[in-house]
2 protein chains.
Amino acid sequence: MAATRLRDVAERAGVSIRTVSNVVNGYAQVSDETRQRVEQAVAELGYHPNLLARNLKRGRTGLIALVVPELDVPYFSELARAVVAKARLHGYTVVIDQTDGEPDRERELIMRGASAALFDGVILSPLVLSQADLARRDAAGPLVLLGERIAASPYDHVAIDNVAAASDATEHLLALGRTRIAAVGDQPYDTGETAQLRTRGYREAHAALGLRVDDSLIVSTHKFHRSDGAAAMADLLDHPDGPPDAVFCYNDLLALGAIRTLLTRGVRIPDDVAVVGFDDIEAGRYNTPTLTTISPDKTMIAQLAVDRLVSRLDGRSPGEPTELWAPYRLEIRESTGG
Amino acid sequence: MAATRLRDVAERAGVSIRTVSNVVNGYAQVSDETRQRVEQAVAELGYHPNLLARNLKRGRTGLIALVVPELDVPYFSELARAVVAKARLHGYTVVIDQTDGEPDRERELIMRGASAALFDGVILSPLVLSQADLARRDAAGPLVLLGERIAASPYDHVAIDNVAAASDATEHLLALGRTRIAAVGDQPYDTGETAQLRTRGYREAHAALGLRVDDSLIVSTHKFHRSDGAAAMADLLDHPDGPPDAVFCYNDLLALGAIRTLLTRGVRIPDDVAVVGFDDIEAGRYNTPTLTTISPDKTMIAQLAVDRLVSRLDGRSPGEPTELWAPYRLEIRESTGG
DNA sequence: GCTCCACTCTGCATCGTTGCAATAGAATTC
DNA sequence: GAATTCTATTGCAACGATGCAGAGTGGAGC
């Protein structure tokens, strides 16, 4: 049961601990004969290096933590997949951690995760963390932020231009001739910075055409799940001025929930109500109708984040924290007549 | 940049390293005055214990690895969420790792993961790992298997009764009066053990009613994604004897892909073709039509796996490896007329 | 035969922490 | 005042690995 150690292998092979280490790591010159003897002992004993000890001595672990709010939200799991793949190219292993949006969990992970030397660096998609929290961070390892823009934080930050993307989405609906466009997913409080940016884009698209926004068509949701979208859509259908003729949802799950409500109530999509989402998750591509959506380049987001983190780890790019922008596209599909 | 160590705190507070350690861990008796001095030094220096060193010394890390094939497959991300939650109740942190179904990755993780002392234990949802691979495992930490049944492996194993569940699903379709029921997702090769169990259940349901199975209605798929389901359904619609009147898909993604194809081709669900899935992912509950499916109790699966792993870690239940069965239900929804 | 060098191999110290056992000092007892 | 108990604090060794510098070999060179 007790794990075999370098020492056990050394005894068996009749060499010093140091030599075994050299063989295992491919260091230095080792004669063929000794190497074979050691390798045989390793195989017989089933030796594997104790990574804890190795990492302690080496001062690095090769682990990157990816901290996301909810793993079963497809956007995050798809992103996680991309991050894992990119990190592996650099020889890093990604450890995924889920916070459930609990502030304490988020804090604990960024504070302790890296400084505790368990991870070399952290990629964080913050949900609730404030600028103050980040400022208080005293951990050693580098940190790259995803998604949310936290103004003036001393960290690198990868995002897409939420305002522009939301504006594009809204503009698309306006161009279809829709006049009463609802926005679903606003979060006019502290932690809803992303949502607020999308609302701003929604307003700007209207303003650009000299149109007024009916604020009663902007619906807040607590979370960004299908159930929230379904509930919000139900409310909108009962709007005193009648239902809207289009809905811009701040993510695809909201949109899929909204679509479910629409179809249940016999509303035709896109004829009666056009729907646009945000994130381009796989579910939207197979829904009926397929979902028009803003498609952030997740691969690029992952790559920018990982590249930046790794270059910080390597001591390259010691410069100022940077805003890195990933591209996005508007994917026009059936839910808006595409 | 250099992380602060116990020693730095000790110097600053004018006490020994050992005393700082005692304060940090709440060990032993420490006078109020000393405690405060130490705590202040800790705060001023922003000290956090180096977990690598601590874990090395203590011989445990408090980390459990959860190894799954694909994180962006909803079944796994939903399961992962449940495992994370259950493990936290026991004071363990879950590290999620994705293998992409690469055999080497799976092997590496179970072989080295635990024996390398980085994780205290491993929960593995094997996709490609064979019994031989498992037998070759020499790692120290306990391992719990999920999902697949690997016969006679020396490890604990949590699963649902795939044969019975598949039989129930098929029986449901037969009870609706369907006579040409297709099965989508068979994998008649090595690694498709779960699929084979579901095929067996499909056959047993027919046999129980004295019905013959038309083998040309059993469709293999390479993977279990939406695209596979969509493609398989397209083939079935072109079946020489005409399309089937029901489809049992071996997971929900296949079913959602199949539904997309059916709706695109103007086939009515469930009137022309009834569809049943497997896994009960959230997407199926918001699809139109909502998806009838086998719903494994994921919370229970997570709990059984974590409880068993933890009890092995604690040295309790040193007994034989066990098969643990989690319950499941058939959720009847719109895609079969529910 | 001696020096020198290349090649192997090894011992010691160390990474930052905690377990153990012991110490110095204060408080208590008789 | 000496013996005893208790409290607060500490030093040493160890977890298992690697960095570094050094120590044995044997052979080449003169």
Side-chain angles (χ1 to χ4, degrees), chain A residues 1-39 41-42 45-62 112 114-120 139-141, chain B residues 1-39 41-42 45-62 112 114-120 139-141:
Chain A
M1 173 67 195
T4 56
R5 296 155 301 167
L6 224 36
R7 184 196 309 182
D8 304 319
V9 179
E11 269 177 28
R12 175 144 196 151
V15 296
S16 77
I17 291 180
R18 199 56 251 254
T19 298
V20 179
S21 172
N22 284 336
V23 170
V24 170
N25 290 287
Y27 290 172
Q29 304 282 22
V30 180
S31 70
D32 277 354
E33 195 217 320
T34 308
R35 172 183 309 280
Q36 280 175 25
R37 210 142 35 96
V38 170
E39 281 170 351
V42 165
L45 295 175
Y47 169 78
H48 298 288
N50 180 315
L51 294 184
L52 239 39
R54 170 183 287 177
N55 293 338
L56 172 60
K57 184 66 181 141
R58 287 191 179 164
R60 59 179 293 276
T61 64
R112 309 197 49 207
S115 61
L118 212 48
F119 309 120
D120 293 339
Chain B
M1 175 66 195
T4 56
R5 297 154 302 169
L6 226 35
R7 185 196 307 183
D8 304 319
V9 179
E11 269 177 27
R12 176 145 196 150
V15 296
S16 77
I17 292 180
R18 199 55 249 254
T19 298
V20 181
S21 173
N22 284 336
V23 170
V24 170
N25 290 288
Y27 289 172
Q29 304 283 21
V30 181
S31 71
D32 278 353
E33 195 218 319
T34 307
R35 173 183 307 282
Q36 281 175 24
R37 210 141 36 94
V38 169
E39 280 170 351
V42 164
L45 295 175
Y47 169 78
H48 298 288
N50 181 315
L51 294 184
L52 239 38
R54 170 181 287 176
N55 292 339
L56 172 60
K57 185 64 183 149
R58 288 192 180 162
R60 58 179 294 274
T61 65
R112 309 197 47 207
S115 61
L118 212 46
F119 309 120
D120 293 338

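Throughout, a chain's letter reflects where its sequence line sits, starting with A, and its residues are numbered from 1. Predicted model only: the values in this text are computed from it and were never measured.
Every side chain to side chain contact (heavy atoms under 4.5 Å, CB included) that A:Val42 has, sequence neighbours left out, goes to A:Val9, A:Val38, A:Tyr47. Taking the side chain to side chain contact (heavy atoms under 4.5 Å, CB included) definition, one finds that B:Glu39 meets it with B:Val23, B:Arg35, sequence neighbours left out. Under the rule for a side chain to side chain donor-acceptor pair (under 3.5 Å), the partners of B:Arg5 that lie at least two apart in sequence or sit in another chain are B:Asp8. With sequence neighbours excluded, the residues forming a side chain to side chain donor-acceptor pair (under 3.5 Å) with A:Arg58 are A:Asn25, listed by chain and number.
B:Arg18 and B:Asn22 share a donor-acceptor pair across their side chains, judged by distance under 3.5 Å alone.
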Short N/O separations, protein against nucleotides 12-15 of chain D, under 3.5 angstrom:
| residue | atom | partner | partner atom | Å |
| --- | --- | --- | --- | --- |
| D:dA14 | N3 | B:Lys57 | NZ | 3.2 |

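The backbone N or O of B:Ala41 lies less than 3.5 Å from no partner atom in the side chain of B:Arg12, so there is not a single donor-acceptor pair.
Contact check for A:Val24 versus A:Arg54: side-chain heavy atoms found under the 4.5 Å cut-off. Residues B:Leu52 and B:Lys57 are not in side-chain contact: their nearest non-hydrogen atoms beyond the backbone lie 4.5 Å or more apart.
If you take CD of B:Glu33 and P of D:dT9, they are 8 Å apart, rounded to a whole angstrom. To the nearest angstrom, P of C:dC20 lies 19 Å from CD1 of B:Ile17. Nucleotide D:dT10 holds its P atom 13 Å from the CD atom of B:Glu11, rounded to whole Å. In this entry the distance linking CG of B:Leu52 with P of C:dT14 reads 20 Å, nearest Å.
The nucleotide whose nearest atom lies closest to any side-chain atom of B:Asn22 is, among D:dT9, C:dT18, D:dA17, D:dT9.
Taking side-chain N and O atoms only, A:Asn55 has no distance below 4.0 Å to OP1 or OP2 of C:dC15. Side-chain N/O atoms of A:Ser21 include none lying less than 4.0 angstrom from OP1 or OP2 on D:dA17. When the side-chain nitrogen and oxygen atoms of B:Ser16 are compared with OP1 and OP2 of D:dT10, one or more of them lie within a distance under 4.0 Å.
A:Ser31 comes within contact range of the sugar-phosphate backbone alone, with a heavy-atom separation under 4.0 Å but no base atom that close.
Positionally, the nearest nucleotide of DNA chain D for B:Thr19 lies more toward the 5' end than for the other of B:Thr19 and A:Leu6.
For B:Arg7 and B:Glu11, the salt-bridge test fails: no basic side-chain N is under 4.0 Å from an acidic carboxylate O.
The rotation axes computed at either terminus of the helix from C:dG1-D:dC30 to C:dC30-D:dG1 lie 50° apart, taking five pairs at each end and rounding to 10 degrees.
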